[in-house]
Protein chains: 4
Amino acid sequence: MTATTFAEAQAWIVSVGRWLDGKGWAPATSGNYSARLDDGSFAVTVSGRHKGRLTPDDVMRVDAAGASLDGKKPSAETALHLALYTLFPECGAVLHSHSAANVGLSRAAYAGSYSFAGHEMLKALPGNPTHDASVAIPIVDNSQDMAVIEAAIAPRLLAPGAAPAYLIRGHGLYGWGKDMAEAERVIEAVEWMIAAELAERSFRG
Amino acid sequence: MTATTFAEAQAWIVSVGRWLDGKGWAPATSGNYSARLDDGSFAVTVSGRHKGRLTPDDVMRVDAAGASLDGKKPSAETALHLALYTLFPECGAVLHSHSAANVGLSRAAYAGSYSFAGHEMLKALPGNPTHDASVAIPIVDNSQDMAVIEAAIAPRLLAPGAAPAYLIRGHGLYGWGKDMAEAERVIEAVEWMIAAELAERSFRG
Amino acid sequence: MTATTFAEAQAWIVSVGRWLDGKGWAPATSGNYSARLDDGSFAVTVSGRHKGRLTPDDVMRVDAAGASLDGKKPSAETALHLALYTLFPECGAVLHSHSAANVGLSRAAYAGSYSFAGHEMLKALPGNPTHDASVAIPIVDNSQDMAVIEAAIAPRLLAPGAAPAYLIRGHGLYGWGKDMAEAERVIEAVEWMIAAELAERSFRG
Amino acid sequence: MTATTFAEAQAWIVSVGRWLDGKGWAPATSGNYSARLDDGSFAVTVSGRHKGRLTPDDVMRVDAAGASLDGKKPSAETALHLALYTLFPECGAVLHSHSAANVGLSRAAYAGSYSFAGHEMLKALPGNPTHDASVAIPIVDNSQDMAVIEAAIAPRLLAPGAAPAYLIRGHGLYGWGKDMAEAERVIEAVEWMIAAELAERSFRG
């Protein structure tokens, strides 16, 4: 866990929103981002903002139960972020990307996971020292009840060797890390592998 | 309806043109944008400008019948914008994107609509609280006579539960909202769902 | 024909190179651009420069026979530009884009042309007032002898209703106009229609 | 060989990282870049940095055996760079791109090479004066042991007419040149031809 101040988290989250939007992974107010703070509370994006145009005021604080600490309204998916911080005490930041490619994959793949095997990029995932591996990213069905998603995904994230990422079908990718830089790396690595698998399919065509 | 001053509308329209062009949705002078003004007139883009390089002078004023109020020549599609403002008194801004993906879809889909189902992104459309829905975006044939397009689309836009968007075959996407931010969100959400459906098809192979 | 000064042409060509490179249509020193000057000579890009990083010094002058007027070495394809200025006295600027999509199309389409029909975007081509048309863009085989390409394409460009554009197989797109803005519009319109046809094929799947 | 100072190499490598990341060819700390220095040592990227966000401090010096000259830790793939400098005394810079398209191709193509034929872009490869050629880019299997990769690729790179580029399956593209500008051109040309082949396949359907 890398704790951080609220001001640092505000700056990180504004910056990561611009970066994800620049890649087309944060369209139309989708996405939500958070960081664990040094006082035990959490910085999260407020509800309904375009993530490519955040200002520091669009980042707010909630307690560990998700209650607003500053009168602002957090994203409806804040509960999914907090569940990850509870499951993984070393987790310092959580990101959620909403790319056309990841949603296309999760809608096309009816199984409960998608496996990436043989990619050098697998080494970008914490704890994977080699490309010579197969990593399954879980896919859970979407729900407007965060508790349903949380209950479906939690046991799978605790399985030995699980990657710090999962897909919600038709909804997007969650990824996390000990700090924002690691969470960014996880998101970028998984999104990139999805794009590479898409290119591979076209070449196999 | 969110009425706005002409100066505000000029700034919004210049900005939205750069944003849409940056995404490749406004090629070669295509596209036209408008906003309802607080005096009952309308700001619209002038005819024939590249939308990624607009200046405030490329935004003009027309009355509710489409007559120029400042001697400039409005886009030939101004009538489609005005028809929407008449149909929907709460409509404050109208956008028209011309992406390769939306035109590819409308040319490939011979039916009179294309349905998006199960996308979390459906929640970006005003009035849709859940992903667990199917929203049909109407497709009408293109015509150089705006009255023909208007007559074909109006009844469908007034149907219960209709989304604030439609496609003209081989021509592009219209989307609108109570203000420019909402119109942008509608356009970005529909364009994104089209891209996601394309990725899904590639994954299904 | 819109004649221009050399200084104006230098500024236009530097700018258009950045724009085309930003779209991925000018990779690895490919592409060459020119403008007719008010003194009867021509501004052209020098040989071997990356078109996204041109400076005014990378634009040179040649006479109507292609001889260098300033000691610099023009692009090997200068003869193709000059042939267009000779065929079309009203032509003021010529551009050549080298996109993956246009080269993919010309390599896949074995016929001598590719037709675009029913696109609203056809109205971006000078002289086309409607989408309800079919415009054939000629495709000629590539050669390292510019005279061979020129002899193959010239009669087709003079046919009634011919568009101001053609493809060289495996090599790229030529487009032109009365001035640089019109040449840009032609290139962007044809490249965009190629991308839209590609999307349409994916949706037809 | 174009030798350069360490300060020049630092500036080049920071710049090339931004450029490659901007194209999506350097995701999630992937990629590594180097240059031969005028004192016989080599500038290389340090291990584990995001290549789109390098600072001069993220470029370090190693000797011809790969030993750090400044206490920093070089990329694990430094040995592959040094092998190229040893094989080719005229080589001044080496780049490694990690695009979705090149990895997709190398995973789909089970043969030991992929041939590009008839592309005008082949002229961007040093020593190729015509499009009327077929150039095979070798593909070797990935390994976490650099010596295994090096032993597999070296004989193929020394074959008559070999291009200055090869693919590691599921891992990325290596390209090099007499200086950084030539290495950039090789990488951009090969990546572009891969994208064009992908577009061609889509048009062939």
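Sequence lines set the chain letters: A, B, ... in the order given, protein chains first and strands last, and positions in each chain run from 1.
- More than 12 heavy atoms of other residues, nucleotides or ligands sit less than 6.0 Å from atom CZ of B:R204.
- The parts of B:I194 that come within reach of chain C are both its backbone and its side chain, each placing non-hydrogen atoms under 4.5 angstrom from that chain.
- Looking at heavy atoms from C-beta onward, C:E184 lies out of side-chain contact with B:H50 at the 4.5 angstrom threshold.
- When C:F42, C:Y174, C:W176 are each tested for a ring pair (Phe, Tyr, Trp, His ring centres under 6.0 Å) with C:H81, only one passes: C:Y174.
- Put simply, of B:G48, B:S99, B:A109, the one with the most heavy-atom pairs under 4.5 Å next to chain C is B:S99.
- In the model, B:T55 has no side-chain atom that pairs as donor or acceptor with a side-chain atom of B:D57 under 3.5 Å.
- Taking chain B as the reference chain and counting heavy-atom pairs below 4.5 Å, the highest number among C:R201, C:R185, C:E191 is found for C:R185.
- The number of heavy atoms from other shown groups lying within 6.0 Å of CZ (B:R53) is above 12.
- Both the backbone and the side chain of B:R107 have a heavy atom closer than 4.5 Å to some heavy atom of chain C.
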*List the steps, then state whether side-chain contact (heavy atoms from CB on, under 4.5 Å) holds for C:V44 with C:V94.*
CA-CA 9 Å; C:V44 299; C:V94 177; over 6 Å; no
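- Applying the ring-ring contact (aromatic ring centres under 6.0 Å, His included) test to every pair with at least one member in residues 10-34 of chain B, sequence neighbours left out, gives no pairs at all.
- For C:A189, the parts lying near chain B are the backbone and the side chain together; criterion is any non-hydrogen pair under 4.5 Å.
- Side chain to side chain, B:H171 and B:H96 meet the donor-acceptor criterion of an N or O pair below 3.5 Å.
- Classification of B:K23 and B:E188 as a salt-bridged pair holds, one side-chain N sitting under 4.0 Å from a carboxylate O.
- Contact residues of residues 138-145 of chain B toward chain C are B:N142, B:S143, B:Q144 (heavy-atom distance under 4.5 Å).
- For chain C, the option among B:G170, B:S106, B:G172 with the highest count of heavy-atom pairs below 4.5 Å is B:G170.
- Contact annotation for C:A101: neither backbone nor side-chain heavy atoms come within less than 4.5 Å of a heavy atom of chain B.
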